[in-house]
There are 2 protein chains.
Amino acid sequence: MTDPRAVTRAGGPRAAQAKGTAQAPAEPLPVPPWRPRPREIRARTPISLERIVDVALAIVDAEGTEGVTMRRVANELGTGPASLYAYVDSREELLQRVHERVIEEVPFPDFDALGWQEGVRQFALSCHDVYRRHADIALLSFADIPTTAKSLQGAEDLLASMLRGNVPVHVAAWALDRISLYIAADAYEGWLMQVRFGGATPEESEELGRAYFDQVGDFFASLPRERFPMMTSHLQEMMEGDGEERFRFGIDMFIAGIASQVPNQVPN
Amino acid sequence: MTDPRAVTRAGGPRAAQAKGTAQAPAEPLPVPPWRPRPREIRARTPISLERIVDVALAIVDAEGTEGVTMRRVANELGTGPASLYAYVDSREELLQRVHERVIEEVPFPDFDALGWQEGVRQFALSCHDVYRRHADIALLSFADIPTTAKSLQGAEDLLASMLRGNVPVHVAAWALDRISLYIAADAYEGWLMQVRFGGATPEESEELGRAYFDQVGDFFASLPRERFPMMTSHLQEMMEGDGEERFRFGIDMFIAGIASQVPNQVPN
DNA sequence: TCTACTAGCGAACAGTGTTCGCGTCAAGTA
DNA sequence: TACTTGACGCGAACACTGTTCGCTAGTAGA
């Protein structure tokens, strides 16, 4: 059974963000047959797929995907839950569309200028950043193959950049897949932690987080030294670093791992 | 804000599996204050926390965590949902206990004999394998710090093995955290794909999966060549490899990344 | 034996995603 | 312009969900 996840699950606009480059004429791309087509309905009310996704995204940002209820989205649009099913087959599909919207936000770096290592790094950080700003939406990226024009262009550019840097084809293709998985996983985990701390304000949340980590540190410090000599003596190093630092550390390990597979070139 | 995830979220028995080494006297470890203590109740019925977890785990294995309903678990035990709340604070806590049970299954390799690189590899594969056998339970490992004796021992041994191999302390600590995240993410994604294919029997599922991947391949093949030269010309390589191969590829990239940080030693 | 307590749980609450089928209104035809 | 047609909109209901309340009943201790 082969696996098509070589295409990164995270995408974004090619250049439309930083530079003022004119958009391509947007020749329509083929339609992926495995995901539902947007319904084509002549709206008679102010509701539309776009507005539904708008509302759902706002709820996700405020409370996470769990807060997205058909009733609630419908209410916010002044109607009942049944009306949404004209535009969307299920809650699941609605959330997929929200995810699709979110990944369009990811800006793509100038791969030509940066070289593949820094290009991959920048992409990963941007993508992670976007996910972190949208609660637990990263969870929707698992096992998903993005097929929007922007996503595809991003994957193409990333791939081209790596190939130009002599990364073997199969390494480049698979590495993109693996890195995307890692990005989504970390973003989701970050959201989970943030939620666990609770706290109405960011400061309160920060304080509760610190209290939690203190507890964890105390727990590990209290382990019997003779049975856990490494963990107790290196507790300091284990507890160091915030989420962002750890994320970057992982990305850099990935990049170093890829670099070690580039022929005729010393990894460091 | 520091972050305690240096401790791997996946754990397992030290040697109790392969070798016949006598178990340690099991001196009680400190109790982590941040997670709920098992209720201490004198059961008057055949239900107990252990039996509840048994039933829940069986449901997870058969259908995934979504199938675990309080009513259903209760029914299977011949009682009503309210009875479960004497042993467990919430459905969430029940699933956490199921996860705790599952990670106890992970066997630990003989790190002393293998060296850190092969040790990490074996551990990752074992852990992944266990998760893959228990539906989407890997999702419960996100943002979780396992604190069972076995898990802690596993983390200790893994850490010790890497330090013996001259991996810098902070690299070893963080790497364990990152690799654990990657393992869980891939296991979860694997389950999602499996579910997407549906199919009652494994053969049927395999066939549906193949059909799905064919669709995806066709889609990418149908992209305009001039706009997506890399993806269209390297489709073969992108589609190659099943989930397991890709997982191993990622682990090996991680290991190579760590190795590149070992001083006084050529990575390959 | 009597009391005090607590494990066990039936019933209910406040939600959830989704479906059915009826009204209604706009477009297409005569 | 009048009529017919059909699809959109959505109120109401279905079959669930996690969780709580407070009553019943049986055991442990006095």
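Within every chain, numbering begins at 1; the chains are lettered A, B, ... in the order of the sequence lines, protein sequences first and strands thereafter. None of these values were measured; they are calculated from a predicted model.
- Interatomic distance, CD1 of A/I179 versus CD1 of A/I251, reported as 5.5 Å (0.5 Å rounding).
- As rounded to whole Å, 15 Å separates atom C1' of C/dA14 from atom CG of A/N75.
- With rounding to whole Å, A/M70 atom CE is found 20 Å from D/dA15 atom P.
- Look at CZ on A/R51: it is 13 Å from P on D/dG9, rounded to the nearest Å.
- Ring centroids of B/Y188 and B/Y131 are separated by 6.0 Å or more, keeping the two rings apart.
- Remark: C1' of C/dG17 and CG of A/L94 are 12 Å apart, rounded to the nearest angstrom.
- Taking the charged nitrogens against the carboxylate oxygens, A/R246 and A/E189 have no contact shorter than 4.0 Å, which rules out a salt bridge.
- Looking at heavy-atom distances under 4.0 Å, B/V68 makes contact with sugar-phosphate atoms alone, never a base.
- Taking a 4.0 Å limit (strictly below) on heavy-atom distances, residues 77-87 of chain B reaches DNA chain D at B/P81, B/A82, B/Y85.
- A salt bridge links B/R133 to B/D129: at least one charged side-chain nitrogen sits closer than 4.0 Å to a carboxylate oxygen.
- Taking atom CD1 of residue A/I47 and atom C1' of nucleotide D/dA7, one finds them 14 Å apart after rounding to whole Å.
- The CZ atom of B/R91 sits 8 Å away from the P atom of D/dT19 (whole-angstrom rounding).
- The environment of CD in B/E66 is sparse: at most 12 heavy-atom neighbours from other residues, nucleotides or ligands sit within 6.0 Å.
- Checked by distance alone, B/R71 brings a side-chain donor or acceptor within 3.5 Å of a matching partner on the base of D/dG18.
- Summarising the geometry, the separation between CD on A/E66 and C1' on D/dT17 is reported as 12 Å, rounded to the nearest angstrom.
- Between the CD1 atom of B/I59 and the P atom of D/dT17 there is a distance of 11 Å, rounded to whole Å.
- Between A/T147 and A/L152 the shortest heavy-atom distance is O-CD1, 3.6 Å.
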